[in-house]
Amino acid sequence: MNTRSAQRPLSHSRLVLRRTVQTALAGVLLCSALVTTAQAATTVEMPALGIDIKETSVSGLSSGAFMTSQVYIVFSDIMKGAGIVAGGPYYCAGSWSFNSYLQNATGACMNPLTPSVGPNVPALLAKTQQLSKAGSIDPTTNLSDDHIYMFSGTKDTTVTTMVMDANYQYLTQLGVPAANIEYIKDVAAGHAFITDSTSDTSCGLTKPPYINYCPPTEQADAIIQQIYADEGPVNPPAASASGELLQVDQKAFLPTSMTSMSDNAYLYVPKSCEQGGCRLHIALHGCEQGYKVIGDQYYTTTGYNEMADTNKLVILYPQAEPSQGAGKPYNPKGCWDFWGYSATNPTNPDFYTRDAPQLKAIRAMIDRLAQPVQ
Amino acid sequence: MKAKTSPEGVDALKQITAIVSDAVNNYMTTLQAITPVKDYLQIATSIKERFGDDPSATAQAMIKHIFDPELMMSSVKSLEEISSAAVKRMQADQSTALSTLKDTSDSYFKSITEAKTPEAWKSVQVESMVAFYKDFKDITEEQMNTVNAIYVGSKSWMESTVASYCAK
């Protein structure tokens, strides 16, 4: 029997009444949805969480990995280690003085023709030591007890293994013991951050959102394991994240309006960290991976939050965003600055010392998180 | 009377527009990233920092060792490696381009012979057109990356050669 034909026809007044009720109900539902969305999207001030600042670490993919090298080297006083997924050495864009920073960044630091015209390791080491002596970055002697995770996919033609090899040389020659570096370069992965989620992109591909499934690699897990392993066993990730993900005000930490960083960052705080005493890990997305481009995928699906729950870690996800046009930094893909777009001085753009706008902002966020819980 | 466009046609047109617009954006991005004056100033600062304030001293150091057989051999060998890598990459790009276009053509001819109805035939035409546009965009971008790598690589080689003469 057809249900529709079995219904009695409604009189006009009853029809109007029903529509009015339906409309009102829809309105109520919409309002409640808006309230929920508004609650989820409420921006809060960066909380003081009393994190142990000397136990800070950082990791990232691609431009986030280049930025990782910068954060790690510039603030080595407070760093435990770093996770570099497809990224070049610190100040890579300064490799060859006959090229501009941008030319080096897109040529020598990504897919160079040969190692001899890739990242210029001797020049980068000399520059790093010079900056360290001048006090523009923390002393390089800090690196001797750190632990590093490095990953280069064999199918990655965006930032090739040649560049990662140069980064490995750079770090070991700068003082990180080779035994403290886990360098994986035999997985047939494209240019992506690796998870254990079958719903992510197939391993060998390079395509947005640059989050791939390559069993059994689970990169967030491997990074945290490698960085903190010397402090006792690192726990496996929680089955699902149970802490609080906060949308925090990043704008308050930006030193200029030219940083190409978003108004908000994201902060994952496990329940066990609300009263302080935890460590901080900074997770940096790659180009076209900020929340303005791929929504919440990087800060909810890469596996860091589940590791945070079981290992007394707070995860900070700073955010860069695309920007271009008059009066704005030229950053159409929303990459982190490793060639100088955010600097105002054209002759000597500073993107690599503690005074660089983006590095300054990230350090200010770290310092805030390290303040005692109120 | 206005000709009606099928939904597949509208969809394909949208996809093609998106692909072309993406390609144009990328091209514009590349053009806007080229800032000759700013780059010149930055390069000049970097060269000065690496080679010192006095260009004549650098030139003299180079002239002094210009016929040093060891240096000459090493820089020629390096250039040869770079040239060979450049040729290989261009060949790889060309080969990828040809195989991609061949795959797309094969797929087109297979689908077109299997299409039994005019609607299916039209649908194949539309899908193939989108695929061709996308392939063309990807191929062009890859070739632009190679050109950039060759340009940057040749200047880097030049610098490493100058540096090796000066360091002697």
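Numbered from 1 within each chain, the chains take letters A, B, ... in sequence-line order.
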Less than 4.0 Å between a side-chain N and a carboxylate O, is that true for B:Lys102 and B:Asp106? yes

Between B:Lys155 and B:Glu159, is there a side-chain N and carboxylate O pair less than 4.0 Å apart? no

Cut-off 4.5 Å, heavy atoms of chain A, and the answer for B:Tyr40 is neither

Given the options A:Gly107, A:Ser95, A:Ser100, A:Pro349, which has more heavy-atom pairs under 4.5 Å with chain B than any of the others? A:Ser100

If one checks every heavy atom of A:Asn120 against chain B at 4.5 Å, the contacting part turns out to be side chain

Tell me the residues of residues 351-359 of chain A whose non-hydrogen atoms fall below 4.5 Å from those of chain B, in number order. none

Scan side-chain atoms only and decide if A:Gln129 and A:Thr140 contain a donor-acceptor pair under the 3.5 Å cut-off. yes

Does the side chain of B:Gln42 come under 3.5 Å of the side chain of B:Ser46 through a donor N or O and an acceptor N or O? yes

Could you verify whether a donor N or O on one side chain and an acceptor N or O on the other, from B:Asp135 and B:Thr104, lie under 3.5 Å apart? yes

Write out, in numerical order, the residues from residues 155-170 of chain A with a heavy atom short of 4.5 Å from a heavy atom in chain B. none

Pairing donors with acceptors under 3.5 angstrom, does anything connect the side chains of A:Thr106 and B:Asn148? yes

Please identify which of these residues, A:His285, A:Gln289, A:Glu288, meets the side-chain hydrogen bond (donor to acceptor under 3.5 Å, both in side chains) condition with A:Tyr210. A:Glu288

Please flag which part of A:Tyr341 lies under 4.5 Å from any non-hydrogen atom of chain B: side chain, backbone, both or neither. neither

For the residue pair A:Gln297 / A:Tyr291, report whether a side-chain donor-acceptor contact shorter than 3.5 Å exists. no

Checking side-chain polar atoms at under 3.5 Å, does A:Asn104 have a donor or acceptor matched by the opposite partner on A:Asn99? yes

May I ask you to test the B:Ile139-B:Asp93 pair for a side-chain heavy-atom distance under 4.5 Å? no

Does one side chain, of A:Asp138 or A:Ser76, offer a donor that lies under 3.5 Å from an acceptor on the other? no

When the 4.5 angstrom heavy-atom criterion is applied to A:Ser116 and chain B, the contacting part is side chain

Less than 3.5 Å apart, any donor N or O on the side chain of A:Ser262 or A:Glu321 sitting next to an acceptor on the other? yes

Quick check for you: among B:Met158, B:Arg50, B:Glu81, which has the greatest number of heavy-atom pairs under 4.5 Å with chain A? B:Arg50

